[in-house]
Amino acid sequence: MLRIALSGLGRMGSFHLSIYEQLVEDGFPIEIVALCDVDEDKLTGKSSAVVNLTEGKDTKKSDLSKYHLYTDLDEMLAKEDIDYVDIIMPTYLHCEAACKVLESGRHCFCEKPMALNDEQCKKMIDTAKKSGKQLIIGHCLRFWPEYVYLKQVVQNKVYGEVNGGYFWRGGYQDHEANGSWQDWIIKREKGGGALCDQHVHDIDVINWIFGTPKAVSTIGKTTFPGSAYDLVATNYIYDDRKTLTAIDDTAYKGVPFTYGYKVNLEGACIEYKDFKLTVYPHKAEPFTPDVSIYGPSTDAYYNELSAYLTAVDNGYTLDRMDPEASREAIKITNAEMRSADNNGTLEII
């Protein structure tokens, strides 16, 4: 039985808690022991953050009173008998918090992005190796059935080589409705703006599916005062000249959060749009593939956390969640930031 704790009860922390509670209901050998957040209002349920991930889902409110509650991570680590801590804190706190958890002898799941720079990523990985505990970064698209399907198609060359494709996501981060954020997400030195908060999902999945690009070129635009880039568009350069692009816009207002991709292969086009996956073979009728084989749930977060908990409980590591790959995503993210700073100049990875 793994005894787990969560540090951070903002929008993603509350969402993670709901997933863990579902896993408990489903019989996973875990016990949720403690919760930590510097904001006491979150621990008492007086305040919560707006989540853009729950549309169409049954998201019952958690009863926080049944857990041990803390406002200080150090105190929780010192007092609680726990095996595993989930870090869902602001990005600029990831490195320090994850290292504390690992040094205390606990396994650590840390939400994406891993950190703000390569030095912090290396420190986290080195600390995990020294402690002998697992460090995993929550890049959920690696467990999203529609993206796992694309990975399998490309890897196995089901429709031949890749000619090109584009990935997109966008949705307004409502800072007014989430005052406790103190705008950390949009600030370069704390959250990294669109590049680190949302766009990093597509950076990681492109790196996972197609391999590390040789170089990147990024155009960025800032719309919020004091923000890093709120809109970004990146071209990924590969030796075989396939054309891959990813865009992200966190400045939409009044528009629902959306994401997807369209990939052109020698023998087909694959499109994931409006939550529907369609394959358009060049010599056959379009069809929607069965992606249920790629996880126990259609919910990528459930698949992600259940896979990691199973690995920890059984003493093995997951190649799909190698922290070195998460570090690589940050290297690419930083290269894109440098490119955007210089109006799209080519940055070598």
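With sequence neighbours left out, D126 forms a side-chain hydrogen bond (donor to acceptor under 3.5 Å, both in side chains) with K122. With sequence neighbours excluded, the residues satisfying ring-ring contact (aromatic ring centres under 6.0 Å, His included) with Y84 are Y308. The side-chain hydrogen bond (donor to acceptor under 3.5 Å, both in side chains) test applied to K79 returns E75, not counting sequence neighbours. Listed by chain and residue number, nothing satisfies the salt bridge (Lys or Arg N to Asp or Glu O under 4.0 Å) test with D86 (two or more places apart in sequence, or in another chain). In this structure S292 satisfies the side-chain hydrogen bond (donor to acceptor under 3.5 Å, both in side chains) test together with D290, sequence neighbours excluded. In this view, E111 satisfies the salt bridge (Lys or Arg N to Asp or Glu O under 4.0 Å) rule with no residue, not counting sequence neighbours. Residues that satisfy the side-chain hydrogen bond (donor to acceptor under 3.5 Å, both in side chains) test with T278, not counting sequence neighbours, are absent from this structure. Under the ring-ring contact (aromatic ring centres under 6.0 Å, His included) criterion, Y236 pairs with no residue, sequence neighbours left out. Annotation: salt bridge (Lys or Arg N to Asp or Glu O under 4.0 Å) contacts of D274 (sequence neighbours excluded): none.
For the residue pair T245 and N235, a side-chain donor N or O sits within less than 3.5 Å of a side-chain acceptor on the partner.
A donor-acceptor contact shorter than 3.5 Å is absent between the side chain of D26 and the backbone of F28. A donor-acceptor pair under 3.5 Å is absent between the side-chain atoms of K100 and the main chain of D74, judged by distance alone.
For residues 154-168, every residue pair satisfying the side chain to side chain donor-acceptor pair (under 3.5 Å) rule, not counting sequence neighbours, is listed here: K157-E161. Within the structure, the salt bridge (Lys or Arg N to Asp or Glu O under 4.0 Å) test picks out the following pairs touching residues 242-252 (sequence neighbours left out): D240-K242.
A tilted orientation is assigned to the rings of H16 and Y301, their planes being inclined by 30° to 60°.
Around atom CD of E266, more than 12 heavy atoms belonging to other residues, nucleotides or ligands sit under 6.0 Å away. Heavy-atom contacts from other residues, nucleotides or ligands closer than 6.0 Å to CD of E96 number 12 or fewer.
For D202 and R169, the salt-bridge test passes: some basic side-chain N is under 4.0 Å from an acidic carboxylate O.
The one candidate from K190, R188, R11, K187 that meets the salt bridge (Lys or Arg N to Asp or Glu O under 4.0 Å) condition with D197 is R11.
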Contacts under 3.5 angstrom, residues 255-265 side chains, donor-acceptor by atom type, not counting sequence neighbours:
unit_1, atom_1, unit_2, atom_2, d
Y261, OH, E146, O, 2.6
K262, NZ, E271, OE2, 3.1

